[in-house]
Amino acid sequence: RRKMFIFSLDRSASLVSLKYWIDDARALAPQGALQIFVCNKIDLPDEDQVIYDNEISSFFSSPGLDMDNLYRTSAKENDGIQELIDAVLLKLEQREAASAGEQNDGDFTDTIHIDRPEDALNPPMPRDREPS
């Protein structure tokens, strides 16, 4: 029911392959599933970027894609990460409320805080998956 697609500004193949992953996910997921798109590495200087805003806008002009679900982040600089998490949680809450027929007041109590970029890259492993 929920899909998150991440592409990187320094790899043109990541945006090119995004179309494949979206089509593949559409074939497997129910109609109307939440799609979140993450543009990562916004901290890169222009000379290191190979994907630019005009290409992203063009890509998201395709039917069924919504730039309102596009979030720009830098895992390295921890930029946009909290906003992404908050937005995803809010969208999930809104969908749950809508499916339950309840009004959503936008207030939720559980928020995940990533204080250090390395926390996002090395989350704790569940106990049942710890290496032996």
Inset, instruction - Evaluate the side chain to side chain contact (heavy atoms under 4.5 Å, CB included) criterion for residues Thr73 and Lys41: first the C-alpha distance (whole Å), next the side-chain angles of each, then the deciding distance (0.1 Å), finally the verdict. - result: CA-CA 6 Å; Thr73 64; Lys41 298 194 179 183; over 6 Å; no
Rounded distance (nearest 0.5 Å) linking atom [atom1] of [X] with atom [atom2] of [Y]:
{"X": "Leu70", "Y": "Cys39", "atom1": "CG", "atom2": "SG", "value": "6.0 Å"}
{"X": "Asp53", "Y": "Gln49", "atom1": "CG", "atom2": "CD", "value": "8.0 Å"}
{"X": "Ile22", "Y": "Lys3", "atom1": "CD1", "atom2": "NZ", "value": "8.5 Å"}
{"X": "Gln94", "Y": "Leu34", "atom1": "CD", "atom2": "CG", "value": "10.0 Å"}
{"X": "Arg26", "Y": "Gln35", "atom1": "CZ", "atom2": "CD", "value": "5.5 Å"}
{"X": "Glu96", "Y": "Lys91", "atom1": "CD", "atom2": "NZ", "value": "14.0 Å"}

Inset, instruction - Please answer whether the main-chain N or O of Ala13 pairs with a side-chain N or O of Ser17 as donor and acceptor at a distance below 3.5 Å. - result: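 Yes, the answer is positive, given that a donor and an acceptor are paired below the 3.5 Å cut-off.
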Inset, instruction - Could you tell me whether the side chain of Ser61 and the main chain of Ser58 form a donor-acceptor pair under 3.5 Å? - result: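 Side chain of Ser61 to backbone of Ser58: a pair is present.
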Legend entry - Qualifying residue for side chain to side chain contact (heavy atoms under 4.5 Å, CB included) with Leu9, from Asp46, Ile51, Leu15: Ile51
Legend entry - Ser8: partners by side-chain hydrogen bond (donor to acceptor under 3.5 Å, both in side chains), with sequence neighbours left out: Asp10
Legend entry - side-chain hydrogen bond (donor to acceptor under 3.5 Å, both in side chains) involving Asp43 - partner list, sequence neighbours excluded: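 Testing Asp43 for side-chain hydrogen bond (donor to acceptor under 3.5 Å, both in side chains), a comparison that skips the adjacent residues, returns Ser74.
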Is there a path of hydrophobic side-chain contacts, each under 4.5 Å between heavy atoms, that joins [X] and [Y]?
{"X": "Trp21", "Y": "Val38", "result": "no"}
{"X": "Leu84", "Y": "Ile42", "result": "no"}
{"X": "Tyr20", "Y": "Val16", "result": "no"}
{"X": "Ile56", "Y": "Ile6", "result": "no"}
{"X": "Phe60", "Y": "Val50", "result": "yes"}

Legend entry - Residues which pass salt bridge (Lys or Arg N to Asp or Glu O under 4.0 Å) with Lys19, listed by chain and number, not counting sequence neighbours: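 Result, salt bridge (Lys or Arg N to Asp or Glu O under 4.0 Å) vs Lys19: Asp23.
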Inset, instruction - Go through the structure and list residues passing side-chain contact (heavy atoms from CB on, under 4.5 Å) with Asp66, not counting sequence neighbours. - result: Asp68, Asn69
Inset, instruction - Kindly give the heavy-atom pair with the smallest separation between Asp48 and Leu44, and that separation in Å. - result: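 Result for this residue pair: O-CD1, 4.1 Å.
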Inset, instruction - Please name the pair of heavy atoms, one in Ser57 and one in Met67, separated by the smallest distance, quoted to 0.1 Å. - result: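 The answer is CA-SD, 4.1 Å.
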Inset, instruction - For Tyr52, check ring pair (Phe, Tyr, Trp, His ring centres under 6.0 Å) against everything at least two apart and list the hits. - result: none
Inset, instruction - Name all residues meeting the ring pair (Phe, Tyr, Trp, His ring centres under 6.0 Å) criterion together with Phe5; count only those two or more places apart in sequence or in a different chain, and write none if there are none. - result: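 Applying ring pair (Phe, Tyr, Trp, His ring centres under 6.0 Å) to Phe5 gives Phe37.
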